[in-house]
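What follows is a set of notes on a single structure, which appears directly below.
Computed from a prediction, not measured in an experiment: that's the story for all the values here.
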4 protein chains.
Amino acid sequence: MPATPLRKDAARNRRQILQTARAMVDAGATLQLNAVAREADVGVGTVYRHFPTPEALLAALAEERFEAMIAEVRRGVTAPDVRAALHTFLDHALTAYVEDEAFAAEALGPAPTTERTRELRDELVGMIRDLLARAVSEGVLRPGIDAPDLLVLLCGVAYAVKNSPYPDDPAVATRYLKALLNGVLATDAA
Amino acid sequence: MPATPLRKDAARNRRQILQTARAMVDAGATLQLNAVAREADVGVGTVYRHFPTPEALLAALAEERFEAMIAEVRRGVTAPDVRAALHTFLDHALTAYVEDEAFAAEALGPAPTTERTRELRDELVGMIRDLLARAVSEGVLRPGIDAPDLLVLLCGVAYAVKNSPYPDDPAVATRYLKALLNGVLATDAA
Amino acid sequence: MPATPLRKDAARNRRQILQTARAMVDAGATLQLNAVAREADVGVGTVYRHFPTPEALLAALAEERFEAMIAEVRRGVTAPDVRAALHTFLDHALTAYVEDEAFAAEALGPAPTTERTRELRDELVGMIRDLLARAVSEGVLRPGIDAPDLLVLLCGVAYAVKNSPYPDDPAVATRYLKALLNGVLATDAA
Amino acid sequence: MPATPLRKDAARNRRQILQTARAMVDAGATLQLNAVAREADVGVGTVYRHFPTPEALLAALAEERFEAMIAEVRRGVTAPDVRAALHTFLDHALTAYVEDEAFAAEALGPAPTTERTRELRDELVGMIRDLLARAVSEGVLRPGIDAPDLLVLLCGVAYAVKNSPYPDDPAVATRYLKALLNGVLATDAA
DNA sequence: CATGAATGAGCATTCATTCAT
DNA sequence: AATGAATGAATGCTCATTCAT
């Protein structure tokens, strides 16, 4: 809800920039505003106008993901089967982290770059907190790990997936997630 | 075992460079050969002669760590209590990953930068394989996760620790490691 | 006397632009048409329409000053006391130069940017010439310095005032002007 | 007296840079380090190494001039004929200001950019103070204008010379200086 | 072998000006 | 006539790497 709805051409440029940036980020490149401009076939100045810093662009990229995830967790909180909801969420979150560097960066760290991002993240964390609370109270989840912990652990797993020695094995993510869920030990350690 | 044992001054330089680099890496900086040279009070060219690329320097930094770890795992393989040996190893490995960016980078990824590093890593992985095999056969460890997997998962946990929202809590590492060991679910998931 | 008298809103814009520009110049900033537009709360294009170049804007700013000064000199030419008139003029001119960068720029240099400015300047110089002529003929002024010379010398004194090592001393302008009037030597040099 | 005497090639580069910069400044351009590098046929980095900022380069340019001037004033202080010494100094100083923008900038303003420049300027001002003191005590100079005043006034005259409406008249400088020395009025004003 | 000056590609950023809306 | 988004040339600066000394 921008104060002034973007002019048509401005909107097209913005879209193009975001699209290009998304592609670059997904390709693993670090965002260089100049490069984005070149790829997006847009003047440098235009990129700078829309996104004064690389961070702002990254943040914009992350927003959609945040919104989708929030919607999903919201559904999960009230779903009949918490365990299933939790699974689905963890699964999707892991995928998001693995696929989307921009989102992972923004969802972590004490420095959400944008006011908007910060709000979104807080909202997401809040929702997850509720989901976890329910899961714990229903005996599905061990206590001791809170929402921020879980997010960052998931991020860690994503990191592992991305650096896995079996990069072409499609089951890696599932396997690693399962390790986190069930643990690697056969019986509990102190 | 270099063909020609280093001249005394050359050796001193090498040592100085490594020391400085270690300090810089530990301080979280990305290694800039120029900066290392300045700090180490040595000409840029000297650094380049000893370590043609930043990676080579990083690799050299990682070697000690590899050697220490190999020694430890070797002891663990034949220790009476596998579970304890496994714990100690995981604990130390996590610490190593958290503390030593250089080592983590080298222990991972399909591209050990040095012949020497590659050998060391292979040796380490071999030893861990043995340790894990024993642990699985004694029912301590769930099957399904092999040595490379475990290493990368640990790396993921280290990543989580380093990005934890509770950066000043000294128990974070333990808590996260425990999550990996025991899992986060109360009862096994499919 | 524009061919078509400005539309009411156009006039308001013009006024606003001039006002803003005046403030910025007085604040010592170099005129950036973009900045003027922003401050004046007007589109860039509007500024460009009214004043195609920074110089044109500066020139417009200078015009008022020219007019005031011309009026004053005109009075001085026929005043009973040439010496007093001359003093007043020099004093005011110095103040104008010191206070108004825009005016100083326009009053100098072989390139008055606007036809209008050029006319005004020529008119001013003409009047001053008359004043000086009278002053010389009445023995008030040494010969050898003509109107353009005097103007540029005054500008030099203004430059000195603006760069004075005693920037907070309100008497600096008077002191420096006096130096120009009476000279710094006790007795004439060759 | 640099700690380490410059290497031969470094010295050559430095000289080249200074030479080029001098030419550019004399041509009235504002110093752009990149441009200097191009003209001097030297890498940008080289220029930056020698002179981290445009100001540093300007300052270096100014130093020679300072030294020459200091030497001259020193001679003048003890010369038998103060009046003549004063004249010579004023004449040369005016020339320096007119010819050398870099020097003028550095000799003025509360911000001598280099420690070295600052020292030189202070030394110069000190010497001039002595010269003026002698001139006043011998009745050659009117009191009321001190050394910093005189310098800045001279700078003003230089400014006038440079902006003179008679740019090709070689006598302009003399005429304007004379105006400052003897004043423009025939008899003293209050 | 060591040195550190030189290099210049590379990236970031600004701002005067144009032109579609 | 007004707007302001778009443009991209211009400029500033850094830093990895080479190579003369």
- prompt: Phosphate oxygens OP1/OP2 of E:dA5: is one of them under 4.0 Å from a side-chain N or O of D:Asn13?
  reply: no

Distance in angstrom units between D:Arg38 CZ and F:dA10 C1', rounded: 10 Å

- request: Run the salt-bridge test on C:Glu106 and C:Arg65 with the 4.0 Å N-O cut-off and return the result as yes or no.
  value: no

task: Write down the partner of F:dA16 under the Watson-Crick or G-U wobble criteria, each distance required to be under 3.5 Å.
output: E:dT7

Donor-acceptor pair (no angle test) under 3.5 Å: B:Asn34 side chain, F:dA16 base: yes

- prompt: Which base sits across from E:dT21 as a Watson-Crick or G-U pair, both distances under 3.5 Å?
  reply: F:dA2

- prompt: Hey, does the side chain of A:His50 come within less than 4.0 Å of F:dA5's phosphate (OP1/OP2), counting only N and O?
  reply: no

message: Between D:Gly45 and C:Ala35, which residue's closest nucleotide on DNA chain E lies nearer the 5′ terminus?
response: D:Gly45

E:dC1 OP1/OP2 closer than 4.0 Å to side-chain N/O of B:Arg49: no

Side chain of B:Val44 - closest among F:dT18, E:dC1, E:dT14: F:dT18

message: Between B:Arg116 and B:Glu67, does any NZ, NE, NH1 or NH2 come within less than 4.0 Å of an OD or OE carboxylate oxygen?
response: yes

- request: In whole angstrom, give the distance that lies between atom CZ of D:Phe51 and atom C1' of F:dG12.
  value: 18 Å

Separation of atom CZ in A:Arg12 from atom P in E:dT21, rounded to whole Å: 9 Å

- prompt: What is the minimum heavy-atom distance between D:Phe51 and D:Leu33, and which atoms define it?
  reply: O-CD2, 3.7 Å

Atom-to-atom span, CG of B:Leu58 to P of F:dA16 - whole angstrom: 13 Å

field: Rounded interatomic separation in angstrom, taking CG from B:Leu31 and P from F:dC15
entry: 14 Å

- line: Here the pair of heavy atoms bringing A:Cys155 nearest to A:Ala104 is SG-CB, 4.2 Å

task: Would you please confirm or rule out a distance under 4.0 Å between OP1 or OP2 of E:dT3 and any side-chain N or O of B:Thr46?
output: yes

message: Please pick, from E:dT18, F:dT17, F:dA1, the nucleotide with the shortest atom-to-atom distance to any side-chain atom of B:Tyr48.
response: F:dT17

query: Considering only heavy atoms from C-beta outward, does the side chain of C:Asp26 approach that of C:Glu99 to under 4.5 Å?
result: no

